[in-house]
Amino acid sequence: TNYFSLQLSLTMASPSTTNTEQHPQQLRLYLHSELTTSHTTHGITHEDYTQYSTYCTRRLARLRHSKSVKKDLLHVRLYKSSLSTRTSDNNSNGNGGSKAKKNAYRAIELTNLPSEVLASHVNYFLEPLYCAERCWAASLALKAQMTTVIENDAANVNTANALGSDGLNPRKDWSVGKFRAQSMKRLKKAVKYATLVESLALSTKAPPSTESAEIKVDNNDEEDGAATTMPEECMVQPPVDEHTQMEARAYASFMRGNLALEMNQWQTACTEYQMAMQLCEALGQGLAATGGTSSNGGSGTGDDGVEVQQLELFDFFNSRAKNVIAPLLKYCHYELQEKGLSPTEKISFLQSSSSISDGDPLQSKLHSLKNETLQTQATSGSSMSQITFRENVVPVETKDLRMALLKIQDLKSDWEEEEEKKNNDATSSSSEDAKFMELLSGYDDAVSLVNKELKQLAALKSGPAVNAKKFQLVNLLGYSKYQKLKLVMGRNEVLTNGIIQTSKEDDEGMTLKHLEEVAHLYDALLQDARAVASLPGGGSPDDFDGDSSSAIVEDEFHLEANANVLRLRSLRCYYLARMHASPVVHKYSEAIALLDQAERLANEALEEIGACDQMEHGDALLESLEKVAAEMRGEKCRVLALSYLSKSSSTGSGKCLLQRLHDYNIPSSPKSIAHVPPKLEPMACKPSFFDVALNYVSEYPVDELERAMAEHNGADAASSGILGWFRRG
């Protein structure tokens with residue numbers, strides 16, 4: 001592949017000639033990069049593990065049939081004399097000359113190969129690597145089929161039809177236990193091959209001749225009673241460098257962790273995943289420290305390519321440690337601590353994880369645990385057993401409604417946390433919007449549950465017990481709708497204030513686009529406020545006649561809602577007036593009428609809000625509305641002036657109104673009351689200015705001036721005479 005050819009071409013040229021004669025060159029293999037390329041192009045992205053297993057089979061055939069390695073990798077007795085043949089199989093009979101015996105199976109033990117042989121070709125490492133990948137993909141494919149069988153058994157669907165069987169599928173009659181056993185068998189085999197890759201990377205096996213020499217030297221030393229150390233030149237080094245050894249160990253640890261996770265051996269899984277994550281982080285840090293330096297230490301165009309590759313690998317290892325291994329490690333930690341934790345502590349532990357993605361096993365665990373906790377609380381009746389709405393304490397008797405209200409509490413707390421994170425980071429967060437929509441859906445679920453119970457009571461005859469039950473449900477319906485509308489209105493108020501504040505900080509001020517957005521938001525707020533004013537509920541059970549659409553009860557809640565309606569009507573009229581008075585629209589008569597209406601509504605709203613002593617945030621609303629009322633009076637004066645100027649017509653200067661307050665000659669087309677910012681005006685300079693400027697003036701260019709005058713005079717002379725007109729141009 002390109003990864004290996006690039007690295008081999010770099011590493012083969014780096015060492016000196018004497019060193020190459022003593023030790024064979026070590027390989028550098030980017031194992032994880034090779035596997036990532038295979039995963040993304042052969043089905044793993046779409047969870048098609050069968051396709052990837054088939055690809056691994058084809059890839060193994062190509063790797064084993066390479067001309068320089070097939071005598072060591074092919075499982076045929078034709079190459080029985082190879083060093084890779086297992087010792088027990090090599091001593092067995094089968095030296096016949098028939099073709100069947102030559103193609104008989106030959107057991108292979110790659111650990112028998114010397115280190116220098118392993119360093120001669122990359123296929124010695126890729127062959128067990130793809131064997132491990134094929135077993136791993138086959139295990140996941142069997143696990144996916146097992147999940148399909150379980151789901152279809154629950155839905156009473158035929159297993160053969162679910163697996164796409166046409167009568168030839170050998171697994172159509174398999175049980176769940178057999179699927180599980182086969183999946184574990186393939187995963188154990190994947191761990192075996194991954195461990196083999198790690199062993200080959202760390203191998204220091206010497207050639208047979210060197211081994212016999214070592215044995216002879218050891219025997220002589222024992223006879224003489226003296227210890228002899230081998231020279232450094234005779235030491236056997238591993239076939240790959242330290243980077244490849246670390247990658248092989250990380251891959252083997254990850255596979256062993258997967259097996260321990262499937263076998264529910266949480267402590268072993270934690271140890272292996274921790275090792276794999278530490279190795280990946282160390283690989284990323286090592287690449288960051290050595291990034292941009294090539295193997296031969298030179299500089300040139302090749303170094304740029306190596307630097308880019310090092311940066312890509314640095315990002316890859318960091319993302320693998322953070323997004324792949326870390327969630328699995330957290331899940332194993334949770335399983336280790338689960339037995340000694342209460343349900344609340346379990347949820348807190350799961351939520352304390354730094355990042356829980358949709359594919360994280362902690363995510364499904366967190367959802368299921370939350371649902372179990374909500375069901376327990378709803379069944380016991382210890383939480384959300386009653387609510388308070390419009391001075392009435394209403395009991396929540398049904399389990400489903402209690403569970404819906406408890407779910408709303410949890411969703412609201414999650415949304416508030418996301419909103420706090422968004423405010424601290426000062427950036428828009430899509431997760432905050434998603435939490436908000438989930439909270440609105442929770443309120444909709446509660447409203448639908450109450451409406452369902454009201455429909456069941458609608459067919460019953462009126463009576464004290466039935467009316468009391470209906471009174472409870474009507475107040476619960478009003479409470480759920482009010483909480484939802486209150487949430488939406490609060491969010492829209494925040495958006496409106498944000499637009500107004502941003503436009504004030506801008507140099508151009510509030511443009512027509514800003515005014516349109518604010519007016520549209522106040523229109524939506526006004527509709528929600530009117531919906532709040534018409535909510536059912538309130539009163540007393542004795543006055544309730546059993547009809548949820550009866551006359552509205554005028555209590556404190558209703559007065560506060562009407563005061564809020566007046567406030568929003570006033571603000572909406574004010575910004576509509578500013579839209580009409582903008583320079584683009586300039587409909588001043590309509591703007592004056594809207595400002596009069598806005599000022600009248602603002603005065604009424606101030607009186608109503610002041611009369612509501614228990615209104616939520618009443619003082620802040622009064623203060624903000626008084627500021628807007630003062631702005632209304634100033635805006636009205638400005639619009640009256642612009643209206644007068646637009647109706648007048650005369651000839652005169654084009655100055656703004658501020659520059660001609662004492663000038664009664666009105667211009668024909670007045671543009672503005674004042675220039676913002678003020679225009680520049682000429683002013684007389686002091687004589688000392690010219691004295692200072694004279695010090696910086698150079699000699700007068702007399703020659704250039706005479707040449708320019710000569711050219712000008714020549715042009716005038718050429719254009720004179722009878723034919724001068726034809727010479728122009």
A.B. asks: Hey, are the side chains of Y55 and Y130 touching, using non-hydrogen atoms and a 4.5 Å cut-off?
C.D. replies: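 They are in side-chain contact.
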A.B. asks: Tell me the salt bridge (charged side-chain N to carboxylate O under 4.0 Å, His left out) pairs involving residues 187-201, sequence neighbours left out?
C.D. replies: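 As it turns out, the salt bridge (charged side-chain N to carboxylate O under 4.0 Å, His left out) pairs with a partner in residues 187-201, which skip direct neighbours, are E198-R256.
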A.B. asks: Taking atom CZ of R64 as the centre, report whether more than 12 heavy atoms of other residues, nucleotides or ligands fall under 6.0 Å from it.
C.D. replies: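 It does: R64 CZ has more than 12 such atoms within range.
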A.B. asks: Would you call E419 and R491 a salt bridge, using N to O less than 4.0 angstrom?
C.D. replies: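 Looking at E419 and R491, the cut-off is not met.
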A.B. asks: Give the intermediate values and the outcome of salt bridge (charged side-chain N to carboxylate O under 4.0 Å, His left out) for residues K143 and E262.
C.D. replies: CA-CA 11 Å; K143 187 177 180 180; E262 290 294 329; 2.7 Å; yes
A.B. asks: For residues F125 and P239, report the shortest heavy-atom separation together with the two atoms involved.
C.D. replies: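 So the minimum-distance heavy-atom pair works out to CZ-CG, 3.6 Å.
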A.B. asks: Below 4.5 Å, heavy atoms only, C-beta onward: do V149 and W174 meet side chain to side chain?
C.D. replies: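 Answer no - side chains too far apart.
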A.B. asks: Using a 3.5 Å distance criterion without hydrogens, assess whether the side chain of S253 forms a donor-acceptor pair with backbone atoms of A250.
C.D. replies: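 No, because the side chain of S253 does not come within donor-acceptor range (under 3.5 Å) of the backbone of A250.
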A.B. asks: For the residue pair R320 and F254, would you count it as a cation-pi contact if the rule is NZ or CZ under 6.0 angstrom from the ring centre and within 45 degrees of the ring axis?
C.D. replies: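 Yes, R320 sits over the ring of F254.
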A.B. asks: Before you tell me yes or no, could you show the steps for Q26 and T244 under side-chain contact (heavy atoms from CB on, under 4.5 Å), namely the whole-Å CA-CA distance, both residues' side-chain angles and the distance that decides it to 0.1 Å?
C.D. replies: CA-CA 10 Å; Q26 287 183 320; T244 310; over 6 Å; no
A.B. asks: Between C332 and A269, which heavy-atom pair has the shortest distance, and what is it?
C.D. replies: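 So the minimum-distance heavy-atom pair works out to SG-CB, 3.6 Å.
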A.B. asks: Which distance, rounded to the nearest 0.5 Å, do you find between the OG of S413 and the CG of L411?
C.D. replies: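 Rounded to the nearest 0.5 Å, the OG-CG separation comes to 7.5 Å.
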A.B. asks: Any donor and acceptor pair, going by atom type alone, linking the side chain of S66 with main-chain N or O of R62 inside 3.5 Å?
C.D. replies: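 Not at all, since once roles are kept as given, no pair shorter than 3.5 Å links the two residues.
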A.B. asks: Give the minimum heavy-atom separation between D72 and I108, together with the two atoms involved.
C.D. replies: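 Closest approach of D72 to I108: O-CD1, 3.6 Å.
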A.B. asks: Is any side-chain heavy atom of F317 closer than 4.5 Å to one of M246?
C.D. replies: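 They are not in contact (no side-chain heavy atoms under 4.5 Å apart), so the answer is no.
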A.B. asks: Who are the side chain to side chain contact (heavy atoms under 4.5 Å, CB included) partners of T271, not counting sequence neighbours?
C.D. replies: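 For T271, the residues satisfying side chain to side chain contact (heavy atoms under 4.5 Å, CB included) (neighbours in sequence not counted) are Q267.
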A.B. asks: Would you compute the distance between atom NZ of K185 and atom CG of L187 and round it to the nearest 0.5 angstrom?
C.D. replies: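 Interatomic distance, K185 NZ to L187 CG, rounded to 0.5 Å: 13.5 Å.
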A.B. asks: Check whether any side-chain N or O of T45 sits under 3.5 Å from a backbone N or O of T41 as a donor-acceptor pair, and report yes or no.
C.D. replies: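 It does not hold such a pair.
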A.B. asks: ring-ring contact (aromatic ring centres under 6.0 Å, His included) with Y49: which residues, sequence neighbours excluded?
C.D. replies: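 With neighbours one apart ignored, the set is empty.
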A.B. asks: Which residue is it: E47, E133, H46, R134? I am looking for the one with a side chain to side chain donor-acceptor pair (under 3.5 Å) to Y52.
C.D. replies: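 In the set E47, E133, H46, R134, the residue that makes a side chain to side chain donor-acceptor pair (under 3.5 Å) with Y52 is E133.
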A.B. asks: Do NZ/NE/NH1/NH2 and the carboxylate oxygens of R59 and E34 come within less than 4.0 Å?
C.D. replies: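 A salt bridge links R59 with E34.
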A.B. asks: Got a second to check how far L202's CG is from R249's CZ, nearest 0.5 Å?
C.D. replies: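 If I round to the nearest 0.5 Å, the distance is 7.0 Å.
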A.B. asks: Begin with the C-alpha distance, continue with both residues' side-chain angles, and end with the deciding distance and a verdict on side-chain contact (heavy atoms from CB on, under 4.5 Å) for L31 and Y251.
C.D. replies: CA-CA 8 Å; L31 302 179; Y251 178 75; 5.6 Å; no
A.B. asks: Taking all atoms of both residues into account, what is the closest heavy-atom pair of P128 and L200, and its distance?
C.D. replies: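 Heavy atoms of P128 and L200 come nearest at CG-CD1, 4.0 Å.
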A.B. asks: Can you check side-chain contact (heavy atoms from CB on, under 4.5 Å) on L261 and W266, steps first, answer last?
C.D. replies: CA-CA 6 Å; L261 180 65; W266 310 117; 3.3 Å; yes
A.B. asks: Which class fits the ring pair H243 and Y30: parallel under 30°, tilted 30 to 60°, perpendicular over 60°?
C.D. replies: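 The arrangement is perpendicular - the two ring planes meet at more than 60°.
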A.B. asks: Is any side-chain heavy atom of L118 closer than 4.5 Å to one of S115?
C.D. replies: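 In short, these two side chains do not touch, never coming nearer than 4.5 Å.
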A.B. asks: So, S139 and S183: side-chain donor and acceptor under 3.5 Å apart, yes or no?
C.D. replies: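 Result is yes, a qualifying pair exists.
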A.B. asks: Which atom pair, heavy atoms only, marks the closest approach of M277 to I325?
C.D. replies: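 Smallest heavy-atom distance, with atoms named: CB-CG2, 3.8 Å.
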A.B. asks: Side chains of L110 and E127: does their closest heavy-atom pair fall under 4.5 Å?
C.D. replies: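 Yes; the side chains approach each other to less than 4.5 Å.
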A.B. asks: As an exercise, state the distance from CD of E438 to NZ of K412, rounded to the nearest 0.5 Å.
C.D. replies: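 Atom-to-atom, E438:CD and K412:NZ are 16.0 Å apart.
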A.B. asks: Just so I know, are the side chains of Y193 and L129 near enough to count as touching, which here means a heavy-atom distance under 4.5 Å?
C.D. replies: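 Not touching, per the 4.5 Å side-chain cut-off.
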A.B. asks: What heavy-atom pair brings N123 and L63 nearest, and what distance separates the two atoms?
C.D. replies: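 Answer, listing the atom of N123 first, then L63: ND2-O, 3.1 Å.
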A.B. asks: Salt bridge or not for K435 and E416, using N-O below 4.0 Å?
C.D. replies: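 The answer is no: the pair does not qualify as a salt bridge.
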A.B. asks: If we only count heavy atoms from C-beta on, is the V240 to Q245 side-chain gap below 4.5 Å?
C.D. replies: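 Counting from C-beta outward, V240 and Q245 do come under 4.5 Å.
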A.B. asks: Nearest 0.5 Å please: distance from the OG atom of S203 over to the CG atom of L113.
C.D. replies: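 One finds 8.5 Å between OG of S203 and CG of L113.
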A.B. asks: Considering residues, nucleotides and ligands other than M275, do more than 12 of their heavy atoms fall under 6.0 Å from its CE?
C.D. replies: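 It does not: M275 CE has 12 such atoms or fewer within range.
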A.B. asks: Any chance you could measure Y124, atom OH, to L29, atom CG, to the nearest 0.5 Å?
C.D. replies: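 Here the rounded value is 13.5 Å.
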A.B. asks: Quick one: do T204 and Q237 satisfy side-chain contact (heavy atoms from CB on, under 4.5 Å)? Show the steps, please.
C.D. replies: CA-CA 6 Å; T204 56; Q237 63 179 359; over 6 Å; no
